[in-house]
Amino acid sequence: MSRKPIIAGNWKMNLLQSEAKELFSGIKDFVKQYSAEQLPIVVVAPTFTSIAAVESQRCDCGCRNLLFTAGQNCYFEKNGAYTGEISVEMLKDAGCEYIIIGHSERRQYFSETDEMINKKAKAILSNGLIPIICCGETLEQREAGVTDTHIAGQIKAALESLTEEEISKSAIAYEPIWAIGTGKTCDSDEANRVIAMIRNVVKEISSTSAGDAVRILYGGSVNPSTIEEQMSKSDIDGALVGGASLKVDSFTSIIANTMKVAV
Ligand code: PGA
């Protein structure tokens, strides 16, 4: 079954509005050379304060169907007394179509739990947006041989009581924590093996068709020279890119190299 690849740039806590605009403008100039059919789904996740700046350029350039924006996090409640939080509806109102949830940095520094991630996934899907649900093991877990059980647990908890249709629309990002921002990419056969394992978990808890439909990305030190091999693997449906998404050249090379093998 063919799944349209997703290349998503996670800008994390980087770039002021003027810098975000400049980066977006470079990405936009690149994608505008192609049609939506030729491109992977290209997503960028700016900081909350730069979403409007990026969105205004996206509306002006006629590239709404070539480039998409994502929130880097959200809160699951609709509104109310939750100082500092942003709801799914607010991100939708700002123009976002995707929201990253459960990133290891949020789990580690902001105590995001599997239960919260599940609530966020439900809120995102009920608003018609697409969650990019992150999972991944630490180096200690990998060395202890518990990678698969740990990740299967994260996935089961994140997808708990979602419908088959909701799961089919969702995206998952497998990001081994030891590979994030370290320059140590996970071997692509191993990344593909873990991703195929995740797909089997989805089949087991939902259905074969949901497992076949869900897009599962790899993340962790992806760069222009690793992406081609990663995208040539059977189960890797794209990439969640951190560091290399902050420069026009590297991010657009990742998109171009993906198009060589997998759109
Ligand atoms: P990296 O980050 O590409 O800088 O390793 C990936 C991520 O955290 O999503």
Side-chain angles (χ1 to χ4, degrees), residues 5-15 19-20 23-24 27 40-48 50-51 54 68-74 91 96 98-112 117 120-121 124 130-139 141-142 147 150-151 154-155 158 170-188 190-192 194-195 198 215-231 233 236-258:
I6 300 177
I7 299 296
N10 175 9
W11 294 356
K12 307 193 180 182
M13 198 174 74
N14 293 297
L15 310 177
E19 297 164 324
L23 172 57
F24 189 79
I27 300 168
I41 295 169
V42 182
V43 181
V44 296
T47 55
F48 292 138
S50 289
I51 291 173
V54 161
F68 301 89
T69 53
Q72 296 179 14
N73 177 37
C74 64
L91 287 168
C96 294
Y98 292 77
I99 304 181
I100 300 168
I101 52 173
H103 192 283
S104 60
E105 288 149 16
R106 296 229 42 100
R107 294 179 192 253
Q108 183 182 350
Y109 305 127
F110 305 100
S111 311
E112 193 157 311
I117 294 159
K120 290 179 183 194
I124 294 167
I130 299 172
I132 301 177
I133 304 164
C134 303
C135 62
E137 81 287 1
T138 62
L139 188 59
Q141 287 166 328
R142 175 157 284 270
T147 298
H150 172 70
I151 290 168
Q154 287 184 321
I155 294 301
S170 301
I172 293 171
Y174 167 55
E175 299 203 306
I177 297 170
W178 48 270
I180 296 178
T182 56
K184 277 188 223 153
T185 322
C186 181
D187 172 77
S188 50
E190 172 59 9
N192 193 54
V194 175
I195 287 176
I198 296 171
R215 270 84 46 90
I216 314 183
L217 321 182
Y218 167 77
S221 297
V222 171
N223 65 60
S225 63
T226 63
I227 189 73
E228 241 181 280
E229 189 181 316
Q230 287 155 343
M231 290 308 302
K233 301 292 169 192
I236 303 183
D237 301 325
L240 182 56
V241 188
S245 73
L246 294 171
K247 293 268 178 332
V248 175
D249 280 359
S250 49
F251 192 59
T252 56
S253 299
I254 288 172
I255 300 167
N257 290 346
T258 299

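As the structure lists them, so they are numbered: ligands from 1, and atoms in each ligand from 1. Computed from heavy atoms alone, side chains included, the values below leave out hydrogens, waters and symmetry copies.
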Identify, by atom number and element, the atoms of ligand 1 in contact range of E175, meaning under 4.0 Å from any of its heavy atoms. 6 (C), 7 (C), 8 (O), 9 (O)
Without swapping roles, check the side chain of T185 against the backbone of V222 for a donor-acceptor pair under 3.5 Å. no
Measure the spacing between CD1 of I236 and CE of M231 and express it to the nearest 0.5 Å. 8.0 Å
Report yes if K12 has an N/O atom closer than 3.5 Å to an N/O atom of ligand 1; otherwise report no. yes
Starting at CG of L240, measure out to SG of C134 and round the result to the nearest 0.5 Å. 5.5 Å
To the closest 0.5 Å, what do you measure between CD1 (I99) and CD1 (I130)? 10.5 Å
Between atom CD of Q108 and atom OG1 of T138, what is the distance when rounded to the nearest 0.5 Å? 10.0 Å
Which atoms of ligand 1 sit under 4.0 Å from any heavy atom of N10? 9 (O)
Decide, yes or no, whether a salt bridge links E137 with R142 under the criterion of side-chain N to carboxylate O below 4.0 Å. yes
Which atoms of ligand 1 are found less than 4.0 Å from any heavy atom of H103? 7 (C), 8 (O), 9 (O)
Counting from 1, what ligand 1 atoms have a heavy atom of G243 closer than 4.0 Å? 1 (P), 3 (O), 4 (O)
Using heavy-atom distances, let me know which of G181, G242, G219, A45 sits nearest atom 5 (O) of ligand 1. G181
Ligand 1 contact by G220, heavy-atom criterion under 4.0 angstrom: yes
Could a heavy atom of A179 be found less than 4.0 Å from some atom of ligand 1? yes
Output yes when a side-chain donor or acceptor of Y218 lies under 3.5 Å from a complementary backbone atom of G220, and no otherwise. yes
Using a 4.0 Å cut-off to any heavy atom of S221, which atoms of ligand 1 qualify? 1 (P), 3 (O), 5 (O)
